[in-house]
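Contents: one structure, followed by commentary.
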Amino acid sequence: MTPLREAGRRPKPYDGRVARVRGNDYRVLQPAERFTPELSVSVVIPAYGGQDKLDLVLAALARQTYPAELTEVIVVDNGSTPPLRLSADRPARTRLMVCTKPGRAVARNAGLAAATGDVIHWLDSDVVLTPGAIEAHMRWHHAAPYVVVTGYIRFTSAEVPARLPGDLEKHFEPAEPHAWIVDLVERTNGLTDNPQRPFSLHVGGATSVNARLVAAAGPMDEELILGQDTEMGYRLSQAGAVFVPEPAARAYHLGPTMRMRGKQPIDRVSHAFVADRIPAYRWLRGHPGRQWKVPYVTVVVVGTAGYDAVRATVDALLASTIPDISILLLGPWDTLQRERRAPLRDPALDLVLVHGHYRHEGRVRLSATEDVDPAVPFVLRLPAGWIPGEDSLARLLDLARDEGLGLVNVLLDESSQGVVAGRLERVSAFARARIVAEPGEDLDDVVDAVSGVSWVEGETYGFTAEATSPMGRRSAYRARVEAEAEAARLAKETERLREQVAKWKEESGRWRKTAVELRREVGTLRRQLSTATRTQKNLRALISSTMRRALGKRLRN
């Protein structure tokens, strides 16, 4: 759904070279504090009941400093009883429409379809914006055409007033900050330190999105019970978005959110559904073998390269340590003839064999065109006949994720005939590159500027041209059981050795004690010997003296 096309208008073009943000480091944009407003904004408000709060929300929008002629407000009544109405204190360009099908995502999509703005500003019907909030959002949108801006919401428990106070802070404070957003922003240096999931900032309460990005990403997923904001944020990221937290865009949420009232049960429901749609939430995909709606990586292989080469590559991919994978086999599958013919003389025999071999494999899709799901975060392009090792794909993905790379080129072979290489592409980086690239500019060079490009040796990462038989799950199971048994044996042996060492230490202690006692006995004996020696010496002297006296007496007589 493209709301701008349905409304009969296009977003205003951006003049000159579009600024290039690397990763999510939006600081290079440096939007001007004072700018000439040119872009229009559509504020989309889904609402169900809560007329008193909606009146305050509209009154706050009427006080915005952004030009009224560039602002439209679309209130979507999602089947309220009694029906909602527009209060007198509201922006001049405010419309009320009714969407009877229940669901916030459905209501937002209805408003989105009617929106005509260059920027879509999501707003909940219980969020009151401070006067400069929309202007703070729009200065970023005037700086770049691919930003998603989220304001800072504070949750107030103050009584809902009959009329909007002149001093919002005085009435609604003290209020609590959106702790989760504040924590995310603080621990990632304002989302600029290569965060893995900046799209988590996309919350529907007070977030603005360039309409081009919405058109590229698509509307909100109406099948989701919860988590629609985050899931759309993920698709916006895939479309090339940069996510900006804007402290000057302040707002007050009238009362606590549903998540604040019960985070654990909310997460339980949300995670059950978003796991299928957001591959970046790796911790939700802990199962070792199951498939998901949106795989983590799609591998594109040309299926016309010969049955044996294709099978060697595809079978190795299916047996890799990354089960969260889909494989797209490109080939003219619709040209295969069904009439009877001698199979060994069929000129398209290899194509027939590839088609028949993988036709019913759930993770392999045969297509004549390259139609990769844009929600898939990584695409690997691999020539048939090159076989990845069991962990090759996982290592490449780790490299791209850890270093924030947009492209990893895998050198497979180099000769006088040229270079053979594989390519691991980050889809969001290429989407960003297409937005900022100038006519005729090499897209890989632009990816290098916005995300980074690296070359690696295929052999280093386990790629080979020699086909090997996949290990298989049972072989892997047996190897694991044997390894666990060996680990248990070694643990038992280690425990035995520890006991032996403890026994030796105990004996050593006894020996040390005995040695001390022996040293004491030796010392006593030495002292006794010394005493005996002195006694003996004295006795000898006494005897000698006595004998001399006796001899002298005899001589005198």
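The shortest distance between side-chain heavy atoms of F378 and P279 does not fall below 4.5 Å. Contact annotation: the side chain of P245 approaches that of Y152 to within less than 4.5 Å [non-hydrogen atoms, C-beta and beyond]. Contact annotation: the side chain of P388 never approaches that of L393 to less than 4.5 Å [non-hydrogen atoms, C-beta and beyond]. Counting heavy atoms from C-beta on, the side chains of Y461 and L399 come closer than 4.5 Å. Contact check for L397 versus L380: no side-chain heavy atoms found under the 4.5 Å cut-off. In this structure, V21 and V147 have side chains that are not in contact, with every pair of non-hydrogen atoms separated by 4.5 Å or more. Between I327 and L318 there is a side-chain heavy-atom pair separated by less than 4.5 Å. The side-chain heavy atoms of V410 and L424, taken from C-beta on, include no pair separated by under 4.5 Å.
Take D398 and apply the side-chain hydrogen bond (donor to acceptor under 3.5 Å, both in side chains) test, not counting sequence neighbours, and it matches R401. The ring-ring contact (aromatic ring centres under 6.0 Å, His included) test applied to F243 returns no partner, not counting sequence neighbours. Applying the salt bridge (Lys or Arg N to Asp or Glu O under 4.0 Å) rule to D391 yields no partners; only residues at least two apart in sequence or on another chain are considered. In terms of the side chain to side chain contact (heavy atoms under 4.5 Å, CB included) criterion, residue partners of E457 (sequence neighbours excluded) are, by chain and number, L411, T460. By the side-chain hydrogen bond (donor to acceptor under 3.5 Å, both in side chains) test, D183 pairs with R187, sequence neighbours left out.
A side-chain donor-acceptor contact under 3.5 Å links S415 to the backbone of Q417. With H142 contributing its side chain and P31 its backbone, the two residues share no donor-acceptor pair below 3.5 Å. In this structure, D413 contributes its side chain and V420 its backbone to no donor-acceptor pair below 3.5 Å. Judged purely by atom type and a 3.5 angstrom limit, T313 uses its side chain to pair as donor or acceptor with the backbone of A309. Proximity of a side-chain donor or acceptor of R432 to a complementary backbone N or O of A241 within less than 3.5 Å is detected. For the pair R426 (side chain) and P377 (backbone), a donor-acceptor distance under 3.5 Å is absent. Using a distance-only test at 3.5 Å, with no hydrogens or angles considered, no donor-acceptor pair links the side chain of S451 to the main chain of V447. At least one donor-acceptor pair under 3.5 Å links the side chain of E361 to the backbone N or O of R363. For the pair T207 (side chain) and W122 (backbone), a donor-acceptor distance under 3.5 Å is absent. Not a single donor-acceptor pair under 3.5 Å links the side chain of R212 to the backbone N or O of P145.
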Is there a side chain to side chain contact (heavy atoms under 4.5 Å, CB included) between D371 and R365 once you walk through the steps? CA-CA 10 Å; D371 53 348; R365 187 162 55 91; 3.0 Å; yes

Worked verdict on E499 versus R496 for salt bridge (Lys or Arg N to Asp or Glu O under 4.0 Å): CA-CA 5 Å; E499 293 176 356; R496 186 190 69 79; over 6 Å; no

Decide yes or no on side chain to side chain contact (heavy atoms under 4.5 Å, CB included) for N24 and F199, but give the supporting numbers first. CA-CA 10 Å; N24 203 67; F199 61 83; over 6 Å; no

Test log, rule side chain to side chain contact (heavy atoms under 4.5 Å, CB included), inputs H137 and V119: CA-CA 10 Å; H137 278 257; V119 173; over 6 Å; no

The test is salt bridge (Lys or Arg N to Asp or Glu O under 4.0 Å); show your working for R423 and D444 and say whether it passes. CA-CA 11 Å; R423 291 166 58 93; D444 285 6; 2.8 Å; yes

Tell me, with the steps shown, if M232 and V214 meet side chain to side chain contact (heavy atoms under 4.5 Å, CB included). CA-CA 9 Å; M232 186 175 191; V214 178; 3.8 Å; yes

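Residue W292 forms a side-chain contact (heavy atoms from CB on, under 4.5 Å) with just one option from I325, D276, L284, I278, and that option is D276. Residue D324 is tested with Q291, R290, R282, H287 for a side-chain contact (heavy atoms from CB on, under 4.5 Å); the sole match is R282.
Rounded to the nearest 0.5 Å, atoms NZ (K293) and CZ (R277) are 4.0 Å apart. Here Y26 contributes atom OH and E246 contributes atom CD; the two are 8.5 Å apart, rounded to the nearest 0.5 Å. Residue I225 holds its CD1 atom at 3.5 Å from CZ of F273, rounded to the nearest 0.5 Å. Atom CD of E493 sits about 10.5 Å away from atom CD of Q500, to the nearest 0.5 Å. Distance check: L213 CG to N210 CG gives 5.0 Å after rounding to the nearest 0.5 Å. With rounding to the nearest 0.5 angstrom, the CD atom of E370 is 6.5 Å from the CG atom of L328.
For the pair H202 and T150, the tightest heavy-atom approach, listed with the atom from each and the gap, is CA-OG1, 4.3 Å. Residues I387 and A316 come closest through the heavy atom pair CG2-CB, 3.4 Å. The shortest non-hydrogen separation linking Y296 to V376 is O-CG1, 3.9 Å. What you find for L407 and E425 is that their closest heavy atoms are CD1-CG, 3.9 Å. Closest of all the heavy-atom pairs between H121 and V41 is CB-CG2, 3.9 Å. Here the closest heavy-atom approach between residue P332 and residue T304 is recorded as CD-CG2, 3.5 Å.
Using a cut-off of 4.0 Å between Lys/Arg side-chain N and Asp/Glu carboxylate O, E495 and R498 are scored as salt-bridged.
The cationic atom of R197 (NZ for Lys, CZ for Arg) does not lie both less than 6.0 Å from the six-membered ring centre of Y281 and within 45° of the ring axis.
Between W333 and H355, the angle of the ring planes lies from 30° to 60°, which puts this pair in the tilted group.
Pairs engaging residues 226-245 under the side chain to side chain donor-acceptor pair (under 3.5 Å) rule: R104-D229, R108-D229, E231-R235 [sequence neighbours left out].
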